[in-house]
Number of protein chains: 2
Amino acid sequence: MENELTVVLEQLTRLVRQLATAGELSMSALMLLGRLEREGPQRLTELAVGEGVSQPGMTQLVGRLERDGWVRRTTSTGDRRGVLVEVTPAGRELVGVRRNQRAEALNHLLSTLHPEDQAAIGRALPALTRLIEARTSVTTPRSTTHV
Amino acid sequence: MENELTVVLEQLTRLVRQLATAGELSMSALMLLGRLEREGPQRLTELAVGEGVSQPGMTQLVGRLERDGWVRRTTSTGDRRGVLVEVTPAGRELVGVRRNQRAEALNHLLSTLHPEDQAAIGRALPALTRLIEARTSVTTPRSTTHV
DNA sequence: TATTGTTATACTCTATAACTATA
DNA sequence: TATAGTTATAGAGTATAACAATA
């Protein structure tokens, strides 16, 4: 079943990309904002590990998001080396709007499926959530030799 | 349920990205190769639409993959304007290897779940496949104002 | 004139290496 | 000396606009 799941996940990724990026935020920006909105303010290093990107990469992504007003840097951690990144009200608003748009598009797709299929997907959601939670240390930053 | 599904899909995307790109191919390259391997040779325009990127973007992606020997351009379509892109044996091999690596990693994750959860995911696969097939015309190329 | 693809240009995304500041 | 983050630099990824070749 793993191979079938692999292919399904690959294609779901394409689906998400198409649903998610039909707007003003890239996939990376959207996922970072989504995390900050769900989990609250976090350290830059924490974010880099969580999103599976390098620390400089996260510095730059946060920089672009900050420039555009979606996140804010704070330094109130006691450790004065650290940076705490939090989503701004505007960013929170944007995440909500985008999430609703995706939900609407998904809803439309779901409505074209047979009720049994819809139910099967619904019943798998908790399991999928736990599958996601199972991956904690699979964080291998990509090499630069990518095509 | 759409909103829960939205979040799950968002996180599955992160999972796939981390599993998939821990090697020498980017997400874009991997998904294009995967498509060519599954569906056979295709026209450049067809690929651009299918992957949800612009025609010039696809020209460049194919260019990089061709440079590295994973795909090949052909012109045998009758219409001499057209280009047919096909995966090379080396590319096919690479897709297989990568897919197996991801399957292995997924298998490991799955094995940490309760059997009921594994079963629920297994039962949802056909429905998810149909969900993917339902999105045919959701192809909105991204704007350039992305963060 | 319309379609297929490429070239030119610009910006995001991401990496590694080198650096600064704090612990 | 180790850790948190930034800056410098380079290449992939992607878009729009302008172009060339074919239909």
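Each chain gets a letter, A, B and so on, in the order the sequences are listed, and its residues count up from 1.
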So, using salt bridge (Lys or Arg N to Asp or Glu O under 4.0 Å) as the criterion, who are the partners of A/Arg81 when residues are at least two apart? A/Asp79

Heavy atoms only, 4.0 Å cut-off, all strands: where does A/Thr59 land among base, sugar-phosphate and nothing? base

What nucleotide, of C/dT6, D/dT14, C/dT14, holds the atom closest to the side chain of B/Val83? C/dT6

Contacts satisfying salt bridge (charged side-chain N to carboxylate O under 4.0 Å, His left out) that involve residues 86-96 of chain A (not counting sequence neighbours) are A/Arg72-A/Glu86

Tabulated below should be each protein N or O lying under 3.5 Å from an N or O of nucleotides 18-23 of chain D; please produce it.
residue	atom	partner	partner atom	Å
D/dA23	OP1	B/Arg80	N	2.9

Who pairs with B/Arg130 by salt bridge (Lys or Arg N to Asp or Glu O under 4.0 Å), at least two apart in sequence or on another chain? A/Asp117

Can you tell me the distance, in whole Å, between the CE atom of B/Met31 and the P atom of D/dA12? 18 Å

Rounded to the nearest Å, what distance is computed from the CG atom of residue A/Leu47 to the C1' atom of nucleotide D/dA4? 13 Å

CG of A/Leu84 versus C1' of D/dG5: gap in Å, rounded? 13 Å

Nearest-Å distance, CH2 (A/Trp70) to P (C/dT12)? 14 Å

Write out all pairs satisfying salt bridge (charged side-chain N to carboxylate O under 4.0 Å, His left out) with one or both partners inside residues 32-43 of chain A, taking only residues at least two apart or from two chains. A/Arg35-A/Glu39, A/Arg35-A/Glu51, A/Glu37-A/Arg99, A/Arg38-B/Glu10

Can you list the residues that meet the side-chain hydrogen bond (donor to acceptor under 3.5 Å, both in side chains) rule with B/Arg123, with sequence neighbours excluded? none

Rounding to 0.5 Å, atoms CG (A/Leu65) and CE (A/Met58) come to a distance of 9.0 Å

Could you tell me how far apart B/Arg64 (CZ) and D/dA10 (C1') are, to the nearest whole angstrom? 14 Å

Closest of D/dT6, C/dT12, C/dG5 to the A/Arg67 side chain is C/dT12

By nearest-nucleotide position on DNA chain C, the 5'-leaning member of B/Met58 and A/Gln55 is B/Met58

Hey, which of these two, B/Thr45 or B/Gln60, hits DNA chain C nearer its 5' end, going by closest nucleotide? B/Thr45

Would you indicate, yes or no, if D/dG5 has its OP1 or OP2 atom less than 4.0 angstrom from a side-chain nitrogen or oxygen of A/Arg43? yes

